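Here the structure is laid out as structure tokens; the discussion comes afterwards.
Chain identifiers are assigned alphabetically (A, B, ...) following the order of the sequence lines, protein sequences preceding nucleic acid strands; residue numbering begins at 1 within each chain. Keep in mind the model is a prediction, meaning the values are calculated, not measured.
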Amino acid sequence: MHPVIDQLRAIVGSQGILYEQDELFVYECDGFPIAKGIPLAVIFPTNTQQVADCVKVLNQHNLQIVPRGSGTGLAGGAVAYDRGVIISLSRMKKIESVDLDNRVAVVQAGVRNLALSDSIADTGWRFSPDPSSQRASSIGGNVSTNAGGINTLKHGVTVCHILGLEYVLPDGKICTSRAEPIYDGIGADLTSLICGSEGTFAIVTRIWCRLVVNPKYFRTVYAVFGSTSDACKTVSDVIASGIVPTSMEMMDAGMIQAVESAFHFGFPSDVAAMLLLEVDGIDQVLDEELASIVQLARDNNAGDIQQCSDPVRRAELWTARKKAFGAVGRMSHSYCTQDACIPRSKLPEAMEHVAKLSEKYDITITNVFHAGDGNIHPIMLFDEDDPGQVQQVLLLSKELLEYCVDIGGTITGEHGVGVEKLHLMDKMFNRNTLDLFLDVKKTFDPDQRINDAKLIPSDKTTIELLKPIAANIPGGAL
Amino acid sequence: MPEAVTDNNVIQINNAENPTALQALVQRCTKEDLPIIDYGFAHTNLGHPAPSKHVKLQQHGQVIEHYERDLTVRVAAGATFGHIQAQLRPTNQFLPVDADADLTLGEVINHNVYGPLRVKYGAARELLLGMRCMDGTGRDIHTGGRTVKNVSGYDLTRFMVGSLGQMGIIYEATMRTYAIPQHILRLTLRIDDPAWLDTHLSNWLLDVSAPSTLALAYEEEHWTLQIAYFGTTTGCNIQHRALKSFWESSVPEPQMVQLDEYLDESSQHRAWRRQASTLVKIIVPPATTGSTCLDLVSSTRINAALRFDVLPVHGCILVGGDLPAAQAIMLDKQINQIIAQVGGVRQWHARPLGTNSIAPFGPAQPDWSILKKLKDTMDPRALLNRGRFLETESSLH
């Protein structure tokens, strides 16, 4: 047994550490199961001081440290390589305070996203970020990846809702950034820099969350189209009109059929695409706003358009969207979800390009995505036991992401880089910028001991995925 | 690039036409150990004074590309808001920042300039999507992009918001734009007790009458709330009617205004437009904003000389006026006492002569030690706005 185990156990107690081989398999990967590594141990601190004490001990042994929230990440960011030790924040799940006068909640990093909003459900306020993993994912994890979600179109991504952070540096020092219930500090916005850093600077332990009004009134509509292009054009027209829906999601024919055959929501099965849109705001105004959107859909040859303000039907529609990934599992044993973001005006041509790539590589692709944000998620269906197909998926992914960068987009809109997209970072950024990223990383972590070689290429650690990119991603992954 | 020696010590650079020219400037300044100072138009007196010998950089710029259908715009950071808004207006779009026409986009980002529009549209953190900048070693850095979601690489884009020009020279930025509201209603309410906001603002924000923009002002010994509703005609009228119920006392009829008029009027009310000798920005927890204002007015007994421009939703208080040094020092002492009780920060944008004892920024923040290290990483010779805010080893030597 490694001598560090006893030292760690002394800090977190015997119930706060796993180190037996058979217990560690659960932690060999996150939601991107191609990236795998068995940690030396997994520890479960319950407070910040324990995290700091553990980090100091791990430093004495020169061990890699990998922070982990709920393990729902989709890019391999929480995988421990080189027998590193995972520090799981999952037992730091205390909502420490809710201050409605200042509209701030202070939570430990392991608090689940939905747990915070549920805890204040009767107050009229909520924590806005809503990744589809929100039932499981932790707020610390959301901070780590600057998570998106369905309503980010109107209400913004995670960083827009984070006021301050407490974090443990790689030397064990506990620090805070703008950690009072104040909305601005003095100097560069360190909180924003740490958000989305995928646990490569420090371990975030406490979060000051901004609370926003939970909208009371909604209108939801779905419109079906005879062509994907018409649906994309509608999205582009809605954005260009200046209307900001709460969310604007799209499913293509393959996905509609999969959802319908799995869950029987009553969607037509002979259409090419469906848009699911929602607006929120002042009750008496919503019909007016929705009418403008419906007209734009009609102008783009929408077929059936169904509107609803009935909460039950609304819940059904969003359940359909969120269950899309469960339905994919019925279509194919193996599938790989890509994540890229493009300018919204480019959606029609981008979706045409996706179809061409599908044909070129002979890989079936189905789509369900955050159309209003231009955040596409082509899902490639394949057989992971067929090395030829796996190779095709890899090549297709690379060509698709490079195309997205070429049309002004990015290699990831919300899932993060992790280890999955490290090889594309030099397509995305020039050499100077990559060098600066590494310099900034070393400013926080001079020995490159925290989650090294995640998010940015490292000059110390090389990670090679043993198997190509291919994943059976759990339902609700987007 | 255009260059002029304004006196023996200051070399004025009026523009750096392209990144290569900017890079050459940084390299030259590195070689000659000449700090590059860009304090902007409205923040000249903020923080410590510039070193006596320096290069004064004043960038110019313009809208580079407006992605009209994406509601985003790429702008050279030296472009003024007057220019940007004028370019966007024909497409019925605008950049929702309360910035004077003379302010450049770079200055707005460097100083996180915002006003009442932040209630509806957020501040630079929410609007900024991508950036191109030059760090203190002359590296041409591109971060973010033109998409509305992007999590590739470190977010050095948003990191630069409020950085006081210390981490890099912003060369261009890509921002979100918004459609100009169809209808704007504006009204002003007298309020006797601003502390009412501390306990009632959250409830108000939950109500239909929640304002799209909100400011509290104190002038000539009266407090007023400046409220605006942005939206459709129907929506604005509904909100105004709801305000009558919520407010429980008489509410004046609103004035319908165009966006330009709203922005112009808002601009006149911003403290930093006036050439006051004293101007301090205080950030406190929002639920203490009203009581902090009252405390300052009652304790300093210099209220007649002061004007308060307050953003209650964000706890931001701008206090300005023409004060003699002794009163400014007393004001600072009072602010520090209040911050010690309720939390917060303050920064002096303008101090009258004879007030060197007032620290321009404070109290010291827990993240400054990390920011100093990052300053050393991004600007190891402390060329950029040397000495203004974070004193690093390099700047001290």
- Item | Interface moiety of A:Val440 toward chain B, non-hydrogen atoms closer than 4.5 Å | both
- Is B:Asp140 salt-bridged to A:Arg431, going by a charged N under 4.0 Å from an acidic O? no
- Between B:Leu156, B:Leu164, B:Val208, which residue shows the highest count of heavy-atom pairs closer than 4.5 Å to chain A? B:Leu156
- With a 4.5 angstrom heavy-atom cut-off, which part of B:Pro181 approaches chain A: side chain, backbone, both or neither? neither
- Would B:Asp70 and A:Ser345 count as having a side-chain donor-acceptor pair, cut-off 3.5 Å? yes
- Quick one: what part of B:Tyr67 sits under 4.5 Å from any heavy atom of chain A, side chain, backbone, both or neither? neither
- Query: With no hydrogens and no angle check, do the side chains of A:Ser177 and B:Asp367 hold a donor and an acceptor under 3.5 Å apart?
  - Reply: no
- Assess whether salt bridge (Lys or Arg N to Asp or Glu O under 4.0 Å) is satisfied between A:Asp237 and B:Arg69, documenting all intermediate values. CA-CA 8 Å; A:Asp237 287 351; B:Arg69 289 183 63 81; 2.5 Å; yes
- Message: Quick check on A:Phe437 against chain B: is it the side chain, the backbone, both or neither that has a heavy atom closer than 4.5 Å?
- Response: both
- Item | A:Val159, part contacting chain B, at a heavy-atom distance under 4.5 Å | both
- Honestly, the part of A:Phe444 sitting under 4.5 Å from a heavy atom of chain B is side chain
- Does any donor atom in the side chain of B:Ser152 or A:Thr410 lie under 3.5 Å from an acceptor atom in the other side chain? yes
- Task: Evaluate the salt bridge (Lys or Arg N to Asp or Glu O under 4.0 Å) criterion for residues B:Arg118 and A:Asp184: first the C-alpha distance (whole Å), next the side-chain angles of each, then the deciding distance (0.1 Å), finally the verdict.
- Result: CA-CA 12 Å; B:Arg118 184 175 180 183; A:Asp184 296 302; 2.7 Å; yes
- Task: Flag the pair B:Arg125 and A:Asp189 as a salt bridge only when some basic side-chain nitrogen lies within less than 4.0 angstrom of an acidic carboxylate oxygen.
- Result: yes
- Query: Is it true that the side chains of A:Gln284 and B:Thr234 contain a donor and an acceptor less than 3.5 Å apart?
  - Reply: no
